[in-house]
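Inspection log for the structure reproduced underneath, given as structure tokens.
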Amino acid sequence: MIVTVVLGLAAAAFLGLGWVAQQHVAYTEPLGEMLHVRLLFDLARKPVWLAGIVAMIGGQVLGALALRRADVASVEPLLATNLIFALAAAALFYKERLGAAEWLGAVLVSGGVAAFLVAGRPQGGGVPAQSSAVWIAVLAVVGVAAGVVALALRMPLQPKAMLLAAAAGALYGLQDALTRGSLLILAWGPVALFTSWEPYLLPVIAATGILLNQSAFDAAPLRISLPATTATEPIVGIVLGVVIFGERLRVDPPALAGEVGGLVALVVGIVILGRSPFLAKSEQVQQAPHDRT
């Protein structure tokens, strides 16, 4: 368990650093490139953004190693602490000190993660059957993400960014579940992996999530665009872990109270950290390149 926690937190650290670097560059791109593949091609020419992608990939690899050792429901709350590392990176980048609100948010996020893991003690699960129920769960997440994107297109800029980020978080949660499934299937051998559908759907979901996330970064500063992703990913991932892999959480009243309390603290902490002025610095620095109204 200790190794899983270390891997999960290391993954969150790399993800947080990657988000800061990516948003710092993506926010300077024209708004007309949102949800267009050319946004990714333009960003790919920026060294800082590429460094952010490398950090994100490093975080995903460490997250995959954690998922290989533990259930999705155990790893997802750890990955949600990436906003703490993003906050710390932004504070160092802009040479600012963390205030009481940032520390409160950090305590709530960390405490929420610990409370959920201790109360729920998620365990069990295995390779899911290739059944229609699994496909229904996958299609449900994709359908919800598509519906959120459709709603975002009708919204003003800041709500649009939050909704796009939430859709990206939903796909990232699905990506984590598919990663876990692929790793479990790989234990049966390469032939079993390449004859399954999970590894083929995984890059499509990952690429779509990246496009939505970068579009959210393009639309609004990090304090608006990142918390929705960070809050949605673990919730979707945990639900899919239970539905698809049969992972079990304790369901007695004290455990349920701890699990719900932990998730509430996690989300509240993410909201507090997301409102941090350190994550808004890029809004002040990058306002000039193009019109944000």
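Please read these numbers as outputs of a predicted model, since none were measured by experiment.
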Near Phe194 CZ, under 6.0 Å, is it more than 12 heavy atoms from other residues, nucleotides or ligands? no

Interatomic distance, CZ@Arg45 vs CG@Leu40, rounded to 0.5 Å, equals 11.5 Å

Looking only at heavy atoms, the pair that brings Ala167 and Leu212 closest together is CB-CD1, 3.9 Å

Is there a side-chain contact between Ile224 and Pro221, using heavy atoms and a 4.5 Å cut-off?
yes

Is there a side chain to side chain contact (heavy atoms under 4.5 Å, CB included) between Phe85 and Trp19 once you walk through the steps? CA-CA 10 Å; Phe85 295 101; Trp19 297 146; over 6 Å; no

Heavy-atom closest pair (Ile244 atom, Ala137 atom, distance to 0.1 Å) is CG1-CB, 4.0 Å

Between the OG atom in Ser196 and the CG atom in Leu186, the distance rounded to the nearest 0.5 Å is 10.0 Å

Given the options Gln23, Gln214, Gln22, His24, Trp49 meets side-chain hydrogen bond (donor to acceptor under 3.5 Å, both in side chains) only with Gln214

In this structure, CZ of Arg69 is separated from CG of Leu183 (nearest 0.5 Å) by 12.5 Å

Please check this pair: side chain of Glu233 against backbone of Thr230, looking for a donor-acceptor N/O pair closer than 3.5 Å.
no

For Ala192 and Thr195, the nearest pair of non-hydrogen atoms, with its separation, is O-OG1, 3.2 Å

Report yes or no: does Glu76 contribute a side-chain atom to a donor-acceptor pair with the main-chain N or O of Ile238 at less than 3.5 Å? no

Whether the side chain of Ser110 engages the backbone of Val107 through a donor-acceptor N/O pair (distance < 3.5 Å, no angle test) should be reported.
no

Check: Are Thr179 and Gln60 close enough, and set up right, to give a side chain to side chain contact (heavy atoms under 4.5 Å, CB included), and what steps lead you there?
Finding: CA-CA 10 Å; Thr179 299; Gln60 290 176 338; over 6 Å; no

Within a reach of under 6.0 Å around CZ of Arg250, are more than 12 heavy atoms found that belong to other residues, nucleotides or ligands? yes

Hydrophobic cluster membership, Leu171 vs Ile235, 4.5 Å side-chain cutoff
no

Q. Do Val141 and Val149 share a hydrophobic cluster (ILVMFWY, side-chain heavy atoms under 4.5 Å, transitive)?
A. yes

Here the gap from Lys46 atom NZ to Ile53 atom CD1, rounded to the nearest 0.5 Å, amounts to 13.0 Å

Check: Within a strict 4.5 Å, meaning less than it, do heavy atoms of the Trp197 and Ile185 side chains meet?
Finding: no

Exactly one of Asn82, Val20, Thr81, Leu83 clears side chain to side chain contact (heavy atoms under 4.5 Å, CB included) with Leu15, and that residue is Asn82

Q. Is Ile210 linked to Leu43 within one hydrophobic cluster, defined over Ile, Leu, Val, Met, Phe, Trp and Tyr using a side-chain heavy-atom separation of less than 4.5 Å?
A. yes

**Asked** Same hydrophobic cluster for Ile57 and Val204, using side-chain heavy-atom links shorter than 4.5 Å among ILVMFWY?
**Response** no

- Query: Are there more than 12 heavy atoms of other residues, nucleotides or ligands under 6.0 Å from atom CZ of Phe14?
  - Reply: no

Next item on the list: Measure the shortest side-chain to side-chain distance between Pro234 and Leu79 over non-hydrogen atoms and say whether it is less than 4.5 angstrom.
Entry: no

Here the gap from Arg180 atom CZ to Arg68 atom CZ, rounded to the nearest 0.5 Å, amounts to 10.5 Å

The reported gap from OG in Ser182 to CG in Leu201 (rounded to nearest 0.5 angstrom) is 9.0 Å

In terms of heavy-atom contacts, Leu67 and Val75 come closest through CD2-CB, 3.8 Å

Heavy-atom count check: over 12 atoms from other residues, nucleotides or ligands less than 6.0 Å from Met162 CE? no

What one should report as the nearest heavy-atom pair of Leu35 and Leu164 is CD2-CD2, 3.9 Å

Do Leu157 and Leu31 come within less than 4.5 Å of each other through their side chains, counting heavy atoms only?
-> yes

Exactly one candidate in Leu273, Thr232, Ile270, Ile272 meets side chain to side chain contact (heavy atoms under 4.5 Å, CB included) with Pro227; the answer is Ile270

Margin query: Run Asp71 and Arg248 through salt bridge (charged side-chain N to carboxylate O under 4.0 Å, His left out) and show every step you take.
Written below: CA-CA 9 Å; Asp71 305 327; Arg248 299 184 301 277; over 6 Å; no

Assigning hydrophobic clusters by single linkage (Ile, Leu, Val, Met, Phe, Trp, Tyr; side-chain heavy-atom cutoff under 4.5 Å), is Leu240 placed with Val142? yes

Tightest non-hydrogen contact, residues Ala11 and Gly59, listed as CB-O, 3.1 Å

